Amino acid sequence: MASPSPERTWLTMPELVEILGVSPSRVRRLIEDRQLLGRRRDGVLSVPADFLSGSEPLSELRGTLMVLGDAGFTDDEAIDWLLSEDETLGAAPIDALRSGRKTEVRRVAQALA
């Protein structure tokens, strides 16, 4: 699997609280519920900005994360796959999701199992 593009923007907890307009505990709940996915970067929990649509989690993300979880992906592996160029899709899966290709992204994710 290719590495994620380094130029992606990552948001910290205070930034997520401000953008989403919710409490830190609500942001943690969104991550626990797999509506968002984050990882520690330099010791700070961060979420890729691409996982948001305006001031809420990207709606197509949760189902895709469930498919990846069912395929045995860890959270870190799911983040890496979503942010890395996929030959089958011709784009990073997160970019394909954001452009309305949810079914195609999930089909490719299921094939990874």
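Below, each value reflects all heavy atoms present in this structure, side chains not excepted, and no hydrogens, waters or symmetry copies. The structure displayed is predicted, hence computed values, not measured ones.
- No continuous path of hydrophobic side-chain contacts links V67 to V105 [ILVMFWY only; heavy atoms under 4.5 Å].
- L30 contributes atom CG, which lies 12.0 Å from atom CG of L37 (distance to the nearest 0.5 angstrom).
- Note that the CG atom of L58 and the OG1 atom of T64 stand 8.0 Å from one another [nearest 0.5 Å].
- Using a distance-only test at 3.5 Å, with no hydrogens or angles considered, no donor-acceptor pair links the side chain of S53 to the main chain of E56.
- Side-chain contact check for L36 versus L20: some heavy-atom pair is nearer than 4.5 Å.
- Few gaps surround CD on E32; more than 12 heavy atoms of other groups in view lie less than 6.0 Å from it.
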key: Residues V17, V22; criterion side chain to side chain contact (heavy atoms under 4.5 Å, CB included); working and verdict   = CA-CA 5 Å; V17 165; V22 297; 5.6 Å; no
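- To the nearest 0.5 Å, atom OG of residue S84 and atom CD of residue E77 are 11.5 Å apart.
- For the atom pair OG1 of T74 and CG of D80, the computed distance is 8.0 Å after rounding to the nearest 0.5 Å.
- Shortest non-hydrogen contact noted between E60 and K102 is CG-CD, 3.7 Å.
- Applying the side-chain contact (heavy atoms from CB on, under 4.5 Å) test between P48 and each of T9, L83, L82, I94 identifies L83 as the sole match.
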message = What verdict does the side chain to side chain donor-acceptor pair (under 3.5 Å) test give for S46 and R41, after you've listed the backbone C-alpha separation in whole Å, the side-chain angles of each residue and the deciding distance to 0.1 Å?
response = CA-CA 6 Å; S46 302; R41 300 178 80 234; 5.2 Å; no
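- In terms of modelled atom types and a separation under 3.5 Å, the side chain of Q110 and the main chain of R107 share no donor-acceptor contact.
- Atom CH2 of residue W10 and atom CD of residue E15 lie 12.5 Å apart, to the nearest 0.5 angstrom.
- Residue E18 holds its CD atom at 14.0 Å from CE of M13, rounded to the nearest 0.5 Å.
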ask   = Stepwise, does the side chain to side chain contact (heavy atoms under 4.5 Å, CB included) test hold for L45 with I31?
value = CA-CA 11 Å; L45 180 63; I31 293 170; 3.8 Å; yes
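- With sequence neighbours left out, R101 forms a side chain to side chain contact (heavy atoms under 4.5 Å, CB included) with L89, A91, A96, S99, E104.
- In plain terms, the two heavy atoms of I19 and S55 that are nearest each other are O-CB, 3.3 Å.
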inquiry  = With side chain to side chain contact (heavy atoms under 4.5 Å, CB included) as the criterion, how do L112 and F73 come out once you've worked through the C-alpha distance, each side chain's angles and the decisive distance to 0.1 Å?
reply    = CA-CA 9 Å; L112 298 171; F73 277 59; 3.6 Å; yes
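- Checking side-chain atoms of R34 against main-chain N and O of R62 turns up no donor-acceptor pair under 3.5 Å.
- Residues W81 and V108 approach most closely at CZ2-CG1, 3.8 Å, considering heavy atoms.
- Here the shortest heavy-atom pairing between G38 and V47 reads CA-CG2, 3.9 Å.
- When hydrophobic clusters are built by joining Ile, Leu, Val, Met, Phe, Trp and Tyr residues whose side-chain heavy atoms come closer than 4.5 Å, directly or via intermediates, L16 is grouped together with L65.
- Contact between R98 and L52 at its shortest, heavy atoms only, is NH1-O, 2.6 Å.
- Nearest heavy atoms, R8 versus A92: NH2-CB, 3.3 Å.
- Using a distance-only test at 3.5 Å, with no hydrogens or angles considered, no donor-acceptor pair links the side chain of D33 to the main chain of Q35.
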